[in-house]
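First comes the structure, then the notes that go with it.
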Amino acid sequence: MSNFSYKPSITLWNRLEGRPRTVNFDRAIKAEVRDALWMLTKQWQMGEFKGDDAGSPVFAKVHLATTALTKYQAKNGPVDNFEQDVPLEAKVERQNIPFQNATQKVAFDIRLLMGRQWLKMLAKIDNDPSLKQAYLSKYAIAAPNPDLAQDAQICAEPKEWQQFAALAGRAMDGYDFYQFLKADPLQVAATDIPVAADKVAAVNTAGEKFMRWYEKLFYQTPTAENPAWDPAYLEHQFACSAPERGGEKVLIADEYYQGHLDWYNLDIDDERVNLAAPPLATPAVEATKTLSFLPTTISFAGMPHTRWWTF
């Protein structure tokens, strides 16, 4: 019987690393050539100096006729001029942000964003705390009252109640302010606000900039619903057209539901010659262009390789 007994051990691995003897590698990466004649002889040996001037590169020329979309129609709605500064996908799929759910205000993240933006703009004109407080009071976020039936759904959830309580009196409802300005052209940013006489014009101008800022940041539909959306089929339907040789080429997408608009979502509508009669006033977008180019990379027998150490 052996007296050998097994003893557990730990296996150690040591990483093998290179230890350079210098900290400056500038000379090593220069790839210095010690014998230029050797390089020339190798080029001669591999035939790199052999070449015949027996041909010419292929030269191609393409003549293009181009046009652009100038009209847009959502489903069976009216025909409008195509907005060149708005992506077609955004125009087709846009949906209004729901700021109201029955009588309950929602989308407070955007409401607060708009309120902060206006207060920043206002601070650049007049940093008076009383002026800021005037906007906070007029466009306030009301604290929920547990004794009121309309606030029961807020107070029933502690976290939501806490959020409303934290915002009440401290934050401005920027969307209410935007609605006030949008409802009537006579209503301006300084309406019913104690603004200094020499600052009224600047505040009203800032209010107009605030409206443009919001409408640029959030692309909304002018109506309550997206006119291109068909809820019965759960798809978008629209058409657009481009002028072509004195007429129009009408493109239609009557079953667009993929969520990513591309050229293959559109079909040529052979039944319509235009989208509006008479045609709307559109810019001249038809043009021609000629391109000259070499269709492929020029190569010849014995030409040097692009890699440094390849012959």
### Query
Where do Gln95 and Trp229 land on the side chain to side chain contact (heavy atoms under 4.5 Å, CB included) test, with the steps shown first?
CA-CA 9 Å; Gln95 294 286 346; Trp229 175 251; 4.1 Å; yes
### Residues Leu88, Glu83; criterion side chain to side chain contact (heavy atoms under 4.5 Å, CB included); working and verdict
CA-CA 8 Å; Leu88 179 57; Glu83 299 178 79; over 6 Å; no
### Message
One pair to check against side chain to side chain contact (heavy atoms under 4.5 Å, CB included): Ile193 and Val203. What are the steps and the verdict?
### Response
CA-CA 10 Å; Ile193 299 292; Val203 170; over 6 Å; no
### Message
If you apply the rule salt bridge (charged side-chain N to carboxylate O under 4.0 Å, His left out), what do you find for Lys71 with Asp80, and how did you get there?
### Response
CA-CA 6 Å; Lys71 299 178 185 178; Asp80 299 322; over 6 Å; no
### Message
Would Asp173 and Lys105 count as a salt bridge (charged side-chain N to carboxylate O under 4.0 Å, His left out) here? Give the steps.
### Response
CA-CA 10 Å; Asp173 192 332; Lys105 291 183 178 181; 3.3 Å; yes
### Query
For Val106 and Gln100, what are the C-alpha separation, side-chain angles and deciding distance, and is it a side chain to side chain contact (heavy atoms under 4.5 Å, CB included)?
CA-CA 5 Å; Val106 294; Gln100 196 89 8; 5.6 Å; no
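For Ile268, the CD1 atom is loosely surrounded, since the number of other residues' heavy atoms within 6.0 Å does not exceed 12. In Lys209, the NZ atom is not crowded: 12 or fewer heavy atoms of neighbouring residues, nucleotides or ligands sit closer than 6.0 Å. Other residues, nucleotides and ligands contribute at most 12 non-hydrogen atoms within 6.0 Å of the CD atom of Glu271. Within a 6.0 Å radius of CG in Asn76, no more than 12 heavy atoms belonging to other residues, nucleotides or ligands are found.
Atom-to-atom distance recorded for Gln104:CD and Asp151:CG is 7.0 Å, nearest 0.5 angstrom. With values rounded to the nearest 0.5 angstrom, Gln162 atom CD is found 11.5 Å from Cys155 atom SG. From Asp230, atom CG reaches atom CD of Glu235 across 6.0 Å, with rounding to the nearest 0.5 Å. Atom OG in Ser137 sits 11.0 Å away from atom CE in Met172 (nearest 0.5 Å). Atom-to-atom distance recorded for Met211:CE and Met114:CE is 9.5 Å, nearest 0.5 angstrom. Atom CZ of residue Arg245 and atom CD of residue Glu248 lie 15.0 Å apart, to the nearest 0.5 angstrom.
Using a 4.5 Å heavy-atom cutoff, the side chains of Ser241 and Phe82 are not in contact. The side-chain heavy atoms of Gln117 and Met121, taken from C-beta on, include a pair separated by under 4.5 Å. A heavy-atom distance below 4.5 Å is found between the side chains of Leu131 and Val195. Counting only heavy atoms from C-beta outward, the side chains of Leu69 and Leu251 approach each other to under 4.5 Å. Considering only heavy atoms from C-beta on, Gln45 stays 4.5 Å or farther from Thr41 through its side chain. The side-chain heavy atoms of Glu89 and His260, taken from C-beta on, include a pair separated by under 4.5 Å. Counting heavy atoms from C-beta outward, Phe238 and Asp254 have side chains that stay 4.5 Å or more apart. Tyr219 has its side chain within reach of Lys91: a pair of non-hydrogen atoms, C-beta onward, lies under 4.5 Å apart.
Here the closest heavy-atom approach between residue Gln187 and residue Ala183 is recorded as NE2-CB, 4.1 Å. Gly207 and Trp118 get closest at one heavy-atom pair: N-CZ3, 3.5 Å. The two residues Ile125 and Lys199 come nearest to each other via the heavy atoms O-NZ, 3.5 Å. Here the closest heavy-atom approach between residue Ile141 and residue Phe164 is recorded as CG2-CD2, 4.4 Å. The minimum heavy-atom distance between Ala165 and Arg170, with the atom names listed, is O-NH1, 3.3 Å. Nearest heavy-atom pair, Ala253 versus Asn265, reported as atom, atom and distance to 0.1 Å: CB-O, 3.4 Å.
Between Tyr175 and Tyr139, the distance separating the two ring centers is not shorter than 6.0 angstrom. For an aromatic pair to be called close, the ring centres must be under 6.0 Å apart, and Tyr214 with Phe210 fails this.
No continuous path of ILVMFWY side-chain contacts below 4.5 Å connects Tyr233 to Tyr256, so the two sit in separate hydrophobic clusters. Hydrophobic clustering (ILVMFWY, side-chain heavy atoms < 4.5 Å, transitive): Trp161 and Leu167 are in distinct clusters. Linking Ile, Leu, Val, Met, Phe, Trp and Tyr residues whenever their side-chain heavy atoms come within less than 4.5 Å places Phe180 and Val200 in a single cluster. By the rule that hydrophobic residues join a cluster once side-chain heavy atoms approach within less than 4.5 Å of another member, Leu181 and Ile110 end up as members of one cluster. Hydrophobic clustering of Ile, Leu, Val, Met, Phe, Trp and Tyr side chains at less than 4.5 Å, counting indirect connections, unites Leu119 with Trp213.
Side-chain polar atoms of Glu215 and Tyr178 form a donor-acceptor pair below 3.5 angstrom. Looking only at atom types and distance, the side chain of Asn226 has no donor-acceptor partner in the side chain of Glu93 under 3.5 Å away. Using modelled atom types, one finds no donor on one side chain facing an acceptor on the other under 3.5 Å when comparing Gln179 with Lys182.
Screening Thr70, Ile252, Val79 for a side chain to side chain contact (heavy atoms under 4.5 Å, CB included) with Leu275, the sole residue that qualifies is Val79.
Side-chain N or O atoms of Asn204 include none that pairs as donor or acceptor with a backbone N or O of Ala201 at under 3.5 Å.
Grouped with Leu64 in one hydrophobic cluster are Val62, Leu291, Phe293, the linkage being side-chain heavy-atom contacts under 4.5 Å among Ile, Leu, Val, Met, Phe, Trp and Tyr residues. With side-chain heavy atoms closer than 4.5 Å counting as contact, directly or through intermediates, the hydrophobic cluster containing Trp263 also holds Tyr264.
By the side chain to side chain donor-acceptor pair (under 3.5 Å) test, Thr288 is found to be paired with no residue, residues two or more places apart in sequence or in another chain being considered.
The aromatic rings of Tyr135 and Phe177 sit perpendicular, their planes meeting at an angle over 60°, well past the 30° parallel limit.
Salt bridge present: Asp176 and Arg111 bring a charged side-chain N and a carboxylate O closer than 4.0 Å.
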